[in-house]
Structures are given as C-alpha cells and as structure tokens.
Amino acid sequence: MKVVIIGGVAGGATAAARLRRLDEKAEIVVFERSGYISYANCGLPYYIGGTIKAPEALTLQTPESFFSRFRVDMRVRHEVTAIHPERKAVSVKDLETGREFEERYDKLILSPGAKPTRPRLPGVGLEKLFTLRTVEGTFRMKDYIQKEHPRSAVLAGGGFIGLELAENLRELGMEVTIVQRPKQLMNPFDPDMASFIHGEMRRHGVKLALGYTVEGFAERDGGVDVLLKDGAPLHADMVVLAIGVTPDTALARAAGLELGIRDSIVVNDRMETSVPGIYAVGDAVQVRHAVTGQDVLLSLAGPANKQGRIAADNICGGDSRYLGSQGSSVLKVFDMTAATTGVNETNAKKAGLEVDTVVLSPMSHAGYYPGGKLMTMKIVFEKGTYRLLGAQIVGYEGVDKRIDVLATAIHAGLTAIQLKDLDLAYAPPYSSAKDPVNMAGFMIENLSKGIIKQFHLEDVRDLPRDGSVTLLDARTPAEYAGGHIEGFRNIPVDELRERLEEIEAGKPVYVVCQSGLRSYIACRLLSGYGYETYNFSGGFRFYDAVTNDRRLTQRATACGMDQ
C-alpha cells in the first residue's frame with residue numbers, strides 16, 4: 001500500500017507516524033511546500049518575543065529524523081499542484097529545482113492547513129506588513145525586528161495569534177495597538193468575560209481600538225498607516241495581519257471534492273472526503289461541533305492531531321471515528337490565563353438553545369493558604385435539562401486545571417448539576433475542599449430546586465427604581481462607599497436580621513454583594529421571613545469589571561483611540 005500525504009505539521013505528520021506504527025511495509029510519502037515538515041506553530045509568537053530563543057526549538061521533526069525513525073519519505077519544498085482522483089495520482093513541483101512529476105497513490109491524505117486571511121484591501125502587499133503562520137514568516141518578522149528595531153506595531157485582529165503576539169511585542173518594549181472590527185477580543189468568550197481580558201491587556205499597555213474596520217494600508221514617514229473606517233489612521237513601524245485563517249483548499253476544489261463552510265473540505269466521522277480513497281484532516285476540514293451538532297471550523301492543534309490518527313487507523317483497516325470538536329482552548333494573557341470549552345452563551349443562543357448561566361469568583365486554592373488568587377468562572381447550561389454546554393474561566397493559577405475538568409464533564413455527558421458530585425483532588429496549596437467546579441454544581445443545583453433565583457448583568461439596567469422592588473447591597477459600608485450599583489441601598493448581611501423592618505414586606509428583593517456569596521446568604525435569610533428574593537450572578541466585582549470595560553470601549557470609540 002502506498003499513501004501520499006499533502007502537508008505536514010500537526011495532521012499530516014501525525015498521520016504519517018501512525019501509519020508506520022500500524023503498517024511497517026506501507027510506502028509513505030509526504031509532500032510539504034514549506035521547508036519544515038513539523039513545527040511548533042503555537043510557539044511562533046514566543047520565538048518573536050524571545051521566550052523561545054533557539055530557532056531549531058521550533059522544529060519538532062526534520063525530514064532526516066522522521067526518516068530515521070519511521071522510514072517515511074518526507075519531501076520538503078515540494079508543492080502538490082493538482083490531484084487526479086481518476087488515476088490516483090498527484091502532480092508535484094520541486095520548488096528547489098523546478099522539476100515537475102506525478103506521484104501515484106493508493107490512499108491520499110490532505111492536510112493543507114489554513115492560510116492567514118489576507119483581505120483584498122489597498123496596501124496589503126506592503127513590505128512592513130507581516131503574518132505569523134509559518135516558520136518562514138516568523139523568521140522574516142524576527143529578522144525585521146532585530147535589524148530595524150521598530151518601536152510600534154499595529155495588530156489587525158484580536159484572536160489567539162493577535163493576543164499572544166501583542167504580549168511578546170510588549171515584552172520587547174514596543175508600543176502595541178490591536179484593532180478589531182468586533183467590540184471585543186477573543187470571540188470564543190462572551191463579551192462580559194472578554195472584559196477581564198481587555199483589562200489585562202490595558203494594564204500592560206496594549207491599546208485597544210475595538211469596533212473599527214480596517215479599510216487599507218499606506219506607507220508614510222517610514223512606517224505604515226492603518227486606514228480605518230470612521231476613524232483616524234493608526235500609524236506604526238510595522239503591521240501584523242492576524243484577522244484569522246482561511247482553509248487552504250484550492251487543490252480540493254479543483255479535484256472536485258465536496259466543500260462546506262468557507263470552502264472547507266467536507267468529511268465524515270472517519271475523515272473520508274466525498275471522493276473514495278481520499279481523506280482530509282486539520283484546519284482545512286469542516287467538523288461537527290460536539291455540543292451544538294452544527295458544522296463549524298475550528299483551527300486547533302489538538303483536533304488536527306486526533307484527525308490525523310483517525311485517518312491513518314481507517315486507511316489501515318480500522319474503524320476510528322471523530323466525535324466532533326468541543327473547542328477547548330487556553331491562552332496566556334500576560335500574567336493572566338483565559339480558557340474556554342464547549343459553547344459560550346452568545347453562540348448557544350444563536351444555535352437556538354434555551355440557556356442559563358452562573359458566574360462565580362472562587363479562589364484558586366484554600367483561602368487560608370498564602371498566594372491564592374481569584375478566578376472568574378462562567379458556566380453555560382441548558383434550561384430544563386441542565387445539560388452542560390460550556391464554560392469560560394479567566395484568572396491565574398488553576399484555570400487550566402478547572403477548564404480541563406469541565407471539558408471532560410461535557411464530553412462525558414454530565415449535567416451541570418452533576419459537577420457537584422465530582423471527586424476532585426484537594427490540598428490547601430492546590431484547591432479548596434469544595435473545588436470551584438463543585439461550587440458551580442452546588443449553585444446550579446440550588447437553581448434547579450428553587451432554593452435560589454438569580455438575575456443577571458443584562459437585567460440590572462431594567463430593574464425599576466420607583467420603589468416597587470427593593471434593591472439591596474449586602475456588602476460592608478466601606479465596600480459600598482468604594483462603588484455600588486445605582487439605586488441599591490446598603491444593609492450588610494450580618495446586620496440584616498436586626499434591620500428587617502427597613503425592608504418592606506411584599507416586594508421582591510434583588511440582592512448584590514461582592515462575589516455572590518453574601519448575597520446568596522442574604523437571599524436565604526430573607527426567604528426564611530417570606531420575602532421573594534433574587535441573587536445577582538457574579539457579584540459587584542463582575543458588574544464593575546464589565547461596565548468599566550464598556551465605558552472605556554465607548555470612550556475610545558468616541559475619541560478614536562483607547563485610553
């Protein structure tokens with residue numbers, strides 16, 4: 001059996017190694033048009049910033065090392081120019097010599113990946129515009145920085161690459177501005193949770209121009225102007241296009257393969273394309289979202305590796321299945337960690353799901369053990385069934401641990417209530433006896449049993465201020481004086497029993513505290529005296545972070561630049 005693989009990196013290289021482990025006698029040929037067969041794509045921003053110092057550290061495998069171990073014929077700088085399914089052959093061009101030839105196959109795996117999205121805008125080809133997707137592109141950017149010592153950069157795009165690169169360029173001492181059409185960074189997060197990411201970026205000097213559309217680029221004064229719709233140009237010494245990636249599927253289209261979202265390759269759960277004998281994996285394929293069941297594009301290394309393995313299994317006579325992508329991811333944002341899994345509230349509603357959420361602010365470990373830090377967790381679940389749909393966490397230590405637990409729970413089909421039953425490891429330096437994941441389960445169980453009712457950030461503005469309801473802040477007077485929600489009066493929770501006469505009977509009571517715990521206690525206390533109560537999800541800390549971020553973004557939009 002002869003297998004030809006188009007493209008290396010995550011999916012293609014994984015498929016090649018798995019094929020060899022399953023079939024020692026198979027002939028395996030990999031064509032990769034770049035000079036690198038397998039490299040740490042996710043590590044490229046950290047090479048720019050100097051965290052990863054040696055360029056060879058980016059190269060996970062070389063053609064020589066891969067051949068030595070697996071006897072796989074790895075041909076770099078070879079571009080496949082056409083696929084001929086009718087005769088099971090591909091046309092190949094050697095980019096070093098210019099020689100063109102055909103290679104036959106019994107099975108073909110497409111792993112072309114995705115290319116940086118380059119909009120058709122004036123000035124896109126300027127020398128000082130960069131993308132960060134390949135090793136070659138990374139070296140070009142690194143060489144420019146080392147030789148020209150730019151003092152400023154504009155990053156067009158606020159996704160994973162944009163944020164990671166912003167951090168690394170700031171570490172080099174550069175002034176950095178991120179410009180983005182949506183009014184938030186990191187679309188996998190809901191806007192309220194993205195507020196914490198915005199705050200961390202601003203604290204480290206990154207300017208945010210959110211809600212602006214880039215209309216082109218122009219050279220000026222030795223640098224580049226980024227031209228904005230309805231805004232003054234942003235000038236910088238260099239510009240990076242980080243507005244996303246597009247499936248690289250020209251070969252698949254020309255060969256007559258069925259295409260889906262944004263011309264991605266349609267595959268079944270065995271990673272088979274519409275043409276028998278041809279498989280596809282990685283960033284170029286359309287997948288099913290494991291939570292919503294909808295067709296999506298998710299460019300992540302983990303799924304690409306799994307898909308490469310599955311394709312190889314099936315080529316070798318197995319029956320492996322890809323169960324869909326859940327979108328689990330984690331991101332370093334300066335000192336902060338931001339992570340997500342499943343579907344956020346925004347996209348769950350777009351998918352037609354009836355959802356509710358809880359927001360909590362637990363400590364990373366036991367409060368009495370030094371060094372604990374707050375994290376903010378948002379859990380998304382389906383109303384009625386309490387099916388666990390997704391989670392977002394922003395914080396410091398322990399974020400990655402909790403998101404992995406929640407990702408596993410979603411995959412296992414646990415309900416949000418069942419989070420309370422998970423038996424998770426505890427010691428004071430690492431967690432609390434009631435882990436944050438358990439706490440989320442307790443909160444959702446209380447909702448399901450009617451022990452507590454809640455109201456959300458989007459409800460605050462519409463609460464009546466005419467006296468028909470009671471708005472209560474259960475924090476201390478000092479906390480209240482430091483900032484509070486308009487219309488809420490202050491009675492500390494520990495004084496509540498003695499001051500019940502100040503709360504008019506027969507009126508609903510909406511209660512807020514700093515994190516949601518004291519207000520929950522206040523709600524239960526008041527319920528015991530016959531009051532109808534509602535607890536604010538997330539607490540004043542959450543409200544303050546989100547509303548401050550919205551004010552800053554609105555002010556920046558009004559004056560044309562972030563503050």
Side-chain angles (χ1 to χ4, degrees), residues 7 9-15 18 41-42 109-115 117 159-161 186-190 244-249 252 258-274 279-314 320-331 338-353 355 379-382 387-393 400 403-414:
V9 196
T14 295
R18 179 67 170 174
N41 189 288
C42 299
I109 300 177
L110 303 182
S111 180
K115 55 190 176 182
T117 302
F160 288 98
I161 291 296
M186 292 300 297
N187 285 331
F189 291 80
D190 284 315
V245 293
T246 302
D248 192 356
T249 56
E258 182 183 354
L259 302 182
I261 301 170
R262 293 174 58 196
D263 286 343
S264 57
I265 302 171
V266 173
V267 293
N268 61 18
D269 59 1
R270 289 170 48 87
M271 307 315 297
E272 296 168 324
T273 71
S274 60
Y279 298 73
V281 302
D283 293 351
V285 305
Q286 173 181 290
V287 296
R288 182 183 63 84
H289 196 287
V291 175
T292 67
Q294 296 180 331
D295 292 330
V296 293
L297 285 175
L298 286 172
S299 299
L300 295 168
N305 277 281
K306 294 182 184 75
Q307 292 160 12
R309 178 186 176 92
I310 289 167
D313 285 353
N314 292 324
S320 292
R321 306 280 175 161
Y322 187 66
L323 301 180
S325 292
Q326 202 168 293
S328 301
S329 61
V330 63
L331 174 71
T340 182
T341 187
V343 64
N344 63 25
E345 181 184 12
T346 304
N347 290 332
K349 289 178 176 178
K350 287 180 180 178
L353 296 170
V355 302
I379 312 297
V380 184
F381 56 94
E382 189 172 34
R387 179 166 70 108
L388 184 59
L389 301 176
Q392 301 153 67
I393 312 177
D400 55 339
I403 206 70
D404 282 342
V405 170
L406 289 160
T408 304
I410 292 172
H411 180 80
L414 300 186

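Values in this document were obtained by computation on a predicted structure and should not be read as measured data.
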Hey, is the main chain of [Y] close enough, under 3.5 Å, to the side chain of [X] for a donor-acceptor pair?
| X | Y | result |
| --- | --- | --- |
| Gln286 | Ser264 | no |
| Thr341 | Ile403 | no |
| Gln307 | Gly282 | yes |

What are the two closest non-hydrogen atoms of [X] and [Y], and how far apart are they?
| X | Y | answer |
| --- | --- | --- |
| Ile379 | Leu388 | CG2-CD1, 3.5 Å |
| Asn344 | Pro188 | ND2-O, 3.0 Å |
| Ser329 | Leu300 | CB-CD2, 4.5 Å |
| Val291 | Val343 | CG1-CG1, 3.7 Å |
| Ile410 | Gly342 | CD1-CA, 4.3 Å |
| Asp263 | Pro247 | O-CB, 4.4 Å |

Rounded to the nearest 0.5 Å, what's the gap from [atom1] on [X] to [atom2] on [Y]? Could you check?
| X | Y | atom1 | atom2 | result |
| --- | --- | --- | --- | --- |
| Ile265 | Leu110 | CD1 | CG | 5.0 Å |
| Met271 | Ile310 | CE | CD1 | 6.5 Å |
| Asn347 | Leu353 | CG | CG | 10.5 Å |

**OP:** With sequence neighbours excluded, give me every salt bridge (Lys or Arg N to Asp or Glu O under 4.0 Å) pair touching residues 285-313.
**Re:** Arg18-Asp313
Original post:
If you count the non-hydrogen atoms of other residues, nucleotides and ligands that lie under 6.0 Å from NE2 in His289, is the total more than 12?
Top reply: yes
**OP:** Would you tell me whether Asn305 and Thr14 have side-chain atoms, one donor and one acceptor, within less than 3.5 Å of each other?
**Re:** yes
Original post:
Between the side chains of Gln392 and Asp190, does any donor sit under 3.5 Å from an acceptor?
Top reply: yes
[X] vs [Y] side-chain heavy atoms within contact, under 4.5 Å:
| X | Y | result |
| --- | --- | --- |
| Thr340 | Met186 | no |
| Tyr279 | Val267 | no |
| Val355 | Leu389 | yes |
| Pro303 | Tyr322 | yes |
| Val287 | Val296 | yes |

Subject >> Set of salt bridge (Lys or Arg N to Asp or Glu O under 4.0 Å) partners for Lys350, sequence neighbours left out >> reply: none
**OP:** Begin from the C-alpha positions of Ile161 and Val245 and carry the test side chain to side chain contact (heavy atoms under 4.5 Å, CB included) through to its verdict.
**Re:** CA-CA 10 Å; Ile161 291 296; Val245 293; over 6 Å; no
